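Since the model is a prediction, treat every value here as computed from it, not as a measurement.
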Amino acid sequence: MKRTIQILLVTFCLAAFIPAAHAQVQFGVKAGVNMSKASLSRKDFNTDNFTGFFLGPVVDITVPIVGIGLDAALLYSQKGVTLENKELHTDYTIKQKGIDIPINLKYNIGFSRIFGIYLAAGPDFFFVFDSDKGFSNYDFKKKKSQVGLNFGAGIKLLGHLHAGLNYNIPLNNSAEIVSEGKSETNKYKTKTWQFSVAYMF
């Protein structure tokens with residue numbers, strides 16, 4: 001929790017230097033694809049990619065001359081993991097559906113009024129609202145809230161269209177796998193590549 005507070009303070013302190021009187025504010029809609037893969041604490045399973053989607057409103061704040069900006073989104077998001085038990089050769093797919101709130105500090109480079117690129121980084125907060133999942137030999141206990149870090153880049157076209165690629169690294173575990181009759185608990189994190197497209201009004 002202390003680390004979460006530190007990340008928030010750093011992000012918003014940096015954003016406070018943006019001169020609001022000269023900032024350009026745009027609202028829009030953002031959608032894209034999540035491509036997640038689990039990082040396990042123990043090697044009981046093979047892992048495969050899981051593909052989900054996200055969708056929701058976004059706000060983008062930019063200071064044109066300085067090039068510094070901030071964006072934040074409120075997204076319905078599907079993340080997850082696909083696992084294969086090495087001994088039983090049984091596949092398990094665990095979805096995590098919830099609200100994703102990324103807050104990114106951005107550095108914008110505009111080559112013209114119709115084309116620019118940006119670099120972005122910041123904290124990400126994911127709140128899961130679906131229930132835990134149980135199988136014959138395992139219980140998958142999902143963490144109800146996760147904190148991560150985003151690192152990304154993208155392009156801006158025609159003043160309205162944004163396209164980006166982002167990598168999300170969780171700071172805490174996404175879920176725990178409790179094996180029936182065993183004391184060991186396997187934990188995993190879902191690291192996620194995200195491709196997004198946003199239309200700004």
Which heavy atom of [X] sits nearest to which heavy atom of [Y], and what is that distance?
X      : Y      : value
Gly69  : Leu105 : O-CD1, 3.4 Å
Ser131 : Lys144 : CA-NZ, 4.1 Å
Ala38  : Tyr188 : CB-CD1, 4.0 Å
Ser145 : Phe127 : CB-CD2, 3.9 Å
Ala31  : Leu55  : CB-CD1, 3.7 Å
Ser36  : Gly80  : CB-O, 3.3 Å

Counting only heavy atoms from other residues, nucleotides and ligands, does the tally under 6.0 Å from [atom1] of [X] exceed 12?
X      : atom1 : answer
Tyr107 : OH    : no
Leu161 : CG    : yes
Phe27  : CZ    : no

Distance-only, no hydrogens or angles: does the [X] side chain make a donor-acceptor pair with backbone N or O of [Y] under 3.5 Å?
X      : Y      : answer
Asp71  : Ile103 : no
Asn108 : Gly67  : yes
His160 : Tyr199 : no

Item to complete: Show your working on side-chain contact (heavy atoms from CB on, under 4.5 Å) between Asp100 and Phe126 and close with a plain yes or no.
Response: CA-CA 4 Å; Asp100 200 7; Phe126 185 53; 3.9 Å; yes
Tell me whether [X] shares a hydrophobic cluster with [Y], the cluster being built from Ile, Leu, Val, Met, Phe, Trp, Tyr side chains joined at under 4.5 Å.
X      : Y      : answer
Trp193 : Phe54  : no
Val33  : Phe151 : yes
Phe125 : Leu75  : no
Leu40  : Phe50  : no
Tyr167 : Phe53  : yes

Practice prompt. May I ask you to check whether Thr190 and Ser174 show a side-chain donor-acceptor distance below 3.5 Å?
Written response: yes
Worksheet item: Using a distance-only test with no angle check, is there a side-chain donor-acceptor pair under 3.5 angstrom linking Glu84 and Thr90?
Response: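 There is no such pair between these side chains.
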Worksheet entry | Criterion side-chain contact (heavy atoms from CB on, under 4.5 Å) on Ile177 and Leu83, from CA distance to verdict | CA-CA 11 Å; Ile177 307 171; Leu83 304 171; 3.6 Å; yes
Working to the nearest 0.5 angstrom, can you tell me the gap between [X] [atom1] and [Y] [atom2]?
X      : Y      : atom1 : atom2 : answer
Asn46  : Asn85  : CG    : CG    : 9.0 Å
Gln78  : Thr51  : CD    : OG1   : 10.5 Å
Asp132 : Asp139 : CG    : CG    : 8.0 Å
Asn150 : Ile169 : CG    : CD1   : 9.0 Å
Ile68  : Thr62  : CD1   : OG1   : 10.5 Å
Lys143 : Gln96  : NZ    : CD    : 11.0 Å

pair [X]-[Y]: side-chain heavy atoms closer than 4.5 Å:
X      : Y      : value
Phe140 : Val178 : no
Tyr92  : Thr82  : no
His162 : Ile155 : no

Practice prompt. Output yes when Lys156 and Asp60 qualify as a salt bridge under the 4.0 Å nitrogen-oxygen rule, no when they do not.
Written response: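 So Lys156 pairs with Asp60 through a salt bridge.
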Fill in: Presence of salt bridge, Asp130 and Lys142, under 4.0 angstrom
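Here Lys142 pairs with Asp130 in a salt bridge, since their nearest N and O are under 4.0 Å apart.
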Worksheet item: Is NZ or CZ of Lys106 both nearer than 6.0 Å to the six-membered ring centre of Tyr118 and within 45° of the ring axis?
Response: yes
Fill in: Close aromatic pair by centroid cut-off 6.0 Å: Tyr138 and Phe45
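Judged by ring-centre distance (under 6.0 Å), Tyr138 and Phe45 do meet the cut-off.
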Worksheet entry | Full working for side-chain contact (heavy atoms from CB on, under 4.5 Å) between Leu149 and Asn168 | CA-CA 6 Å; Leu149 291 175; Asn168 176 262; over 6 Å; no
Worksheet item: Passes side-chain contact (heavy atoms from CB on, under 4.5 Å), Val58 versus Met200? Steps please.
Response: CA-CA 8 Å; Val58 61; Met200 312 304 295; 3.9 Å; yes
Worksheet item: With sequence neighbours excluded, what pairs up with Lys37 under the side chain to side chain contact (heavy atoms under 4.5 Å, CB included) test?
Response: Thr47, Asn49
Response to the item:
Residues passing the side chain to side chain donor-acceptor pair (under 3.5 Å) test with Asn34, sequence neighbours excluded, are Ser77, Gln194
